[in-house]
> 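One structure, pasted below without further comment.
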Amino acid sequence: MPVTRRLRTIGLLLPALAGLALLAGVVGFRVSEGMGLSDLRETGRHRLDLYAESLEREIDKYAYFPATLGLERDVLDLVTGRAPLAWGLNRYLERLNERAGTLSIYVLNRQGRVLAASNWNRPDSFIGEDLSYRPYFIEAAAGRQGRFFGVGTTRGEAGYYLSSPLAEDGAIVGVAVVKVSLEQLEQSWSTVEAPVLVADENGVVILASVPSWKFTTLRPMDEPTRRHFDQTLQYNARPLAPLGLMPQDRIAADAELVRLSRPAEGQLEETVFPVSGGFLAQTAPLHGTGWTMTVLSPTDQVTGMAWARAALAAVGSAFLGILLLMWMQRRRHLFDLERKVEERTRNLRATQDELVHAGKLAVIGQLSAGLAHELNQPLAALRTLSGNTVKFLQRGNLDAAQGNLARIAHLVDAMGALTSQLKSFARKSSGAPRPVSVRRPIDNALFLLDQRLRRSGVGVQVDVPEDIMALCDPNRLEQVVVNLVANGLDALAGREGGRLALSAATGDGRVRIRVADNGPGLSDEVLPRLFEPFFTTKDVGKEGAKEGSGGLGLGLAISAGIVRDFGGALTGANGPDGGAVFTVDLPAAAPPTDQTAVQAGDLICPTLPSPP
């Protein structure tokens, strides 16, 4: 693939890779955030249970106080008017208040006026005040236990009021009230990891671990609620500004992501958590009251961890994407290389086939003179015999004419065998290996070179058993033998007593065909380059040299390629007694079961008879 095209492909894939990394980052962030929020919700539920239990335990410590006052005779005598003076009762309430650690304890008559109080001797004493408008008095006067959180109208001190009716003979004659402080509980909350707040039924924050959140509202206050507060003075005309919790996303029925729209004010240095930013708000009702408790778990750590994991997922996916891209580019590069190798292999095979065929034609061209002589002799004999046959027929000598015709038929058969062998040798074979008796291609090769062997006077010795079988193509093996024998004849040109020896033997699953001559052998310069293409030791067009194919230097190179295609090897060396020895090493094959089958290219042509 060209470099520009590869760069263009990478440039097109980079946006996809960036998109994949972004998608992996988003998915990683969402999954990590979801897992973190799930763990945070579980922790928040445990915190809600602990905070609610601590608040209920703190209130329950004082729940029985108002009812126990109804057991005191002095209290009942005072509210019923039987004891007009409350000096002794005031001192009793003062001592009880000190021991219990409450803010104040006082007793009201049926009309809601304070008759006795623990703070009787202080300037801000409740004695004589009319508190009939207070919700806790109204509840107790109706015979129910009163529970109320508010800000005192005398001292402006916030507290939790517990009231109980005072009854005598089944009639309610007064109300006992205990006011307790929850500041100690709030101070213990201020050291926890997640801020907590308690809101009343109107959404006013009455308890909070962050002091600045106290007496703020969780939701906007409507006008009827504001008028109610003005009448009851529950919060002593405090402004009750909004806390500023902004909902972001509800993830469950009791859990919601919120954010503070403004930083909290005052005593921020006393908190151990961020009072501004993102929170997971979890709300639960408090048993026995109209209040709700909310835990705000900071999500900064969850968000930070989610971003870190998102970045890791994005980087990891980008890295994997880069590896995938490199792998794909490598695969494509290897595919292109394989395609080019296959294409060049096909071209080389086609070229080799053409060279093989050209080599055959070159050999046929070299043999043309001898073949013409082989054909001219029977043609001349045919002419003579046919003329004689006509004369014998004219004379009525039928026996002589019949004899001539038989000899003519024999000559035609011999010429047909010769032309068939030339046609078989010249054709383009498939090259597919199959079991072949090596004796047949050897005999065919010697038949083709018969005229040249006669002219050269070289003796030929053949030691090839009929049962030796090799895996090859017979036509191409025939060409290899023709090239090797022709090279031997070239080496023996002009030498007296020239001999060629052709033999074949099997061993270790291989067939080895040897073509040896008693010529001058191979020089040290020729041996290393023996099978190089276009290397030859004779001039182009000269017949007598150590290479075939008309001096082009292709005979041995083509022969070596043919043998190599069969899974074999062609080697050349000098014999122990002198001369050159070429060995064709081929895979051995089992003999065929049908010995009568004769395939094309396996014919052995007989020697042409001499003309009459």
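Source: prediction; values computed, not measured.
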> Compare all side-chain heavy atoms of Leu55 with those of Leu185 and state whether any distance is below 4.5 angstrom.
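SC-SC contact between Leu55 and Leu185 confirmed.
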> For residues Trp291 and Tyr51, establish whether the separation of their ring centroids is below 6.0 Å.
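Between Trp291 and Tyr51, the centre distance exceeds or equals 6.0 Å.
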> Could you give the distance from CG (Leu257) to CE (Met246), rounded to the nearest 0.5 Å?
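Reported to 0.5 Å precision, the distance equals 14.0 Å.
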> Given the ring of Phe566, does Arg476 sit roughly above its face, with NZ or CZ under 6.0 Å from the centre of the six-membered ring and within 45° of the axis?
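Arg476 over Phe566 ring: no.
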> Could you tell me which non-hydrogen atom of Gly203 sits nearest to which non-hydrogen atom of Ala199, and how far apart they are?
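So the minimum-distance heavy-atom pair works out to C-CB, 4.1 Å.
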> Check whether more than 12 heavy atoms from other residues, nucleotides or ligands sit under 6.0 Å from atom CD of Glu201, and answer yes or no.
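Counting neighbours around CD of Glu201, more than 12 heavy atoms of other residues, nucleotides or ligands fall under 6.0 Å, so yes.
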> Is the closest side-chain donor-acceptor distance between Glu129 and Tyr106 under 3.5 Å?
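No, no side-chain donor-acceptor pair sits under 3.5 Å.
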> Do side-chain atoms of Thr43 reach the backbone of Asp39 as a donor and acceptor pair under 3.5 angstrom?
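It does hold such a pair.
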> Checking side-chain contact (heavy atoms from CB on, under 4.5 Å) for the pair Leu245/Leu218: CA distance, chi angles, key distance, verdict?
CA-CA 7 Å; Leu245 280 180; Leu218 298 180; 4.2 Å; yes
> In this structure, which one of Tyr136, Phe149, Phe137, Phe65 forms a ring-ring contact (aromatic ring centres under 6.0 Å, His included) with Tyr161?
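Exactly one candidate clears the test, Tyr136.
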> Write down the atom of Asp300, the atom of Gly278, and the distance for their closest heavy-atom approach.
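Taking Asp300 first and Gly278 second, the nearest heavy atoms are OD1-N, 4.1 Å.
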> Atom CG in Leu48, atom OG1 in Thr294: separation rounded to 0.5 Å?
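Rounded to the nearest 0.5 Å, the CG-OG1 separation comes out at 7.5 Å.
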> What closest approach, in Å, do Ala140 and Ser164 show between heavy atoms, and which atom pair accounts for it?
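It is CB-C, 4.0 Å.
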> Take Leu50 and Arg47, measure what side-chain contact (heavy atoms from CB on, under 4.5 Å) needs, and give me the verdict at the end.
CA-CA 5 Å; Leu50 292 175; Arg47 287 171 177 165; 5.7 Å; no
> Could you check if a side-chain atom of Phe148 sits within less than 4.5 angstrom of a side-chain atom of Glu139, using non-hydrogen atoms only?
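Not touching, per the 4.5 Å side-chain cut-off.
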> How many angstroms lie between NZ in Lys340 and CG in Asn347, if you round to the nearest 0.5 Å?
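Taking NZ in Lys340 and CG in Asn347, the distance rounds to 13.5 Å.
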> Is there a side-chain contact between Arg41 and Gln282 in this structure, where contact means two heavy atoms from C-beta onward sitting under 4.5 Å apart?
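In contact.
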> Find the distance between OG (Ser54) and CD (Glu58) and round it off to the nearest 0.5 Å.
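Here the interatomic distance stands at 8.0 Å.
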> Examine distances only and state if a side-chain atom of Ser297 and a backbone atom of Leu40 form a donor-acceptor pair shorter than 3.5 Å.
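Between the backbone of Leu40 and the side chain of Ser297 there is no qualifying donor-acceptor contact (under 3.5 Å).
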> Minimum heavy-atom separation for Asp254 and Arg250, please, with both atom names.
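In this case the closest contact between Asp254 and Arg250 is N-NH1, 4.3 Å.
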> I'd like to know whether CD of Glu168 has more than 12 heavy-atom contacts from other residues, nucleotides or ligands below 6.0 angstrom.
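Counting neighbours around CD of Glu168, more than 12 heavy atoms of other residues, nucleotides or ligands fall under 6.0 Å, so yes.
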> Over 60° means perpendicular and under 30° means parallel, so tell me whether Phe279 and Trp213 are parallel, tilted or perpendicular.
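Aromatic pair Phe279/Trp213 classed perpendicular.
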> Would you confirm whether Asn90, through its side chain, and Ala117, through its main-chain N or O, come within 3.5 Å as a donor-acceptor pair?
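Side chain of Asn90 to backbone of Ala117, a donor-acceptor pair under 3.5 Å: yes, one is there.
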> Which pair of non-hydrogen atoms, one from Leu162 and one from Pro66, has the smallest distance, and what is that distance?
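Residues Leu162 and Pro66, closest heavy atoms: O-CG, 3.3 Å.
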> Is any side-chain heavy atom of Val75 closer than 4.5 Å to a side-chain heavy atom of Leu89?
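Contact flag for Val75/Leu89 side chains = yes.
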> Answer whether the closest heavy-atom distance between the side chains of Arg110 and Val173 falls below 4.5 Å.
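The answer is no, as the side chains (C-beta and beyond) never meet within the 4.5 Å cut-off.
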> Within the side chain of Asn202, is there an N or O that forms a donor-acceptor pair under 3.5 Å with the backbone of Val204?
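No.
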> State which residues pass salt bridge (Lys or Arg N to Asp or Glu O under 4.0 Å) with Glu186; sequence neighbours excluded, sorted by chain then number.
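So Glu186 forms a salt bridge (Lys or Arg N to Asp or Glu O under 4.0 Å) with Lys214.
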> Compare all side-chain heavy atoms of Tyr62 with those of Thr102 and state whether any distance is below 4.5 angstrom.
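In short, these two side chains touch, coming nearer than 4.5 Å.
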> Is it true that a side-chain atom of Glu94 and a backbone atom of Trp120 form a donor plus acceptor pair closer than 3.5 Å?
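Not at all, since once roles are kept as given, no pair shorter than 3.5 Å links the two residues.
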> Side chains of Arg434 and Asp473: does their closest heavy-atom pair fall under 4.5 Å?
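They are in side-chain contact.
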> To the nearest 0.5 Å, tell me how far Leu286 CG sits from Met293 CE.
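If I round to the nearest 0.5 Å, the distance is 5.0 Å.
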> Between Asn119 and Ser104, do the side chains contain an N or O donor and an N or O acceptor separated by less than 3.5 Å?
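Side chains of Asn119 and Ser104: no pair found under 3.5 Å.
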> Going by the rule side chain to side chain contact (heavy atoms under 4.5 Å, CB included), which residues pair with Arg344 if we only count those two or more places apart in sequence or in a different chain?
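Partners of Arg344 by the side chain to side chain contact (heavy atoms under 4.5 Å, CB included) criterion come out as none, since no residue qualifies.
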> Pair Leu337, Phe335 - check side-chain contact (heavy atoms from CB on, under 4.5 Å), show working.
CA-CA 5 Å; Leu337 288 179; Phe335 175 78; over 6 Å; no
> Between Thr283 and Thr292, do the side chains contain an N or O donor and an N or O acceptor separated by less than 3.5 Å?
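Looking only at side-chain atoms, Thr292 and Thr283 do not form any donor-acceptor pair under 3.5 Å.
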> Trp189 and side-chain contact (heavy atoms from CB on, under 4.5 Å): which single residue from Val198, Val210, Leu197 fits?
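Answer after filtering Val198, Val210, Leu197: Val198.
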> State plainly whether the residues Asp77 and Arg73 are in salt-bridge range, i.e. N to O under 4.0 Å.
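Looking at Asp77 and Arg73, the cut-off is met.
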> Just wondering, do Val114 and Val107 contact through their side chains at under 4.5 Å, heavy atoms?
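In short, these two side chains do not touch, never coming nearer than 4.5 Å.
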> Looking only at heavy atoms, which two atoms of Gly112 and Asp130 are closest? And how far apart?
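Heavy-atom minimum between the residues: O-OD1, 3.5 Å.
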> Could you measure the distance from the OG atom of Ser163 to the CD1 atom of Ile138? Nearest 0.5 Å is fine.
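It comes to 10.5 Å.
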> List the steps and the verdict of side-chain contact (heavy atoms from CB on, under 4.5 Å) for Val27 and Val31.
CA-CA 6 Å; Val27 173; Val31 172; 4.1 Å; yes
> State whether Arg510 and Asp508 are salt-bridged, where the test is any N-O pair (Lys NZ or Arg NE/NH1/NH2 against Asp/Glu carboxylate O) under 4.0 Å.
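Here Arg510 does not pair with Asp508 in a salt bridge, since their nearest N and O are not under 4.0 Å apart.
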> Does Arg339 have any salt bridge (Lys or Arg N to Asp or Glu O under 4.0 Å) partners at least two apart in sequence or in another chain, and if so, which?
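Testing Arg339 for salt bridge (Lys or Arg N to Asp or Glu O under 4.0 Å), a comparison that skips the adjacent residues, returns Asp336.
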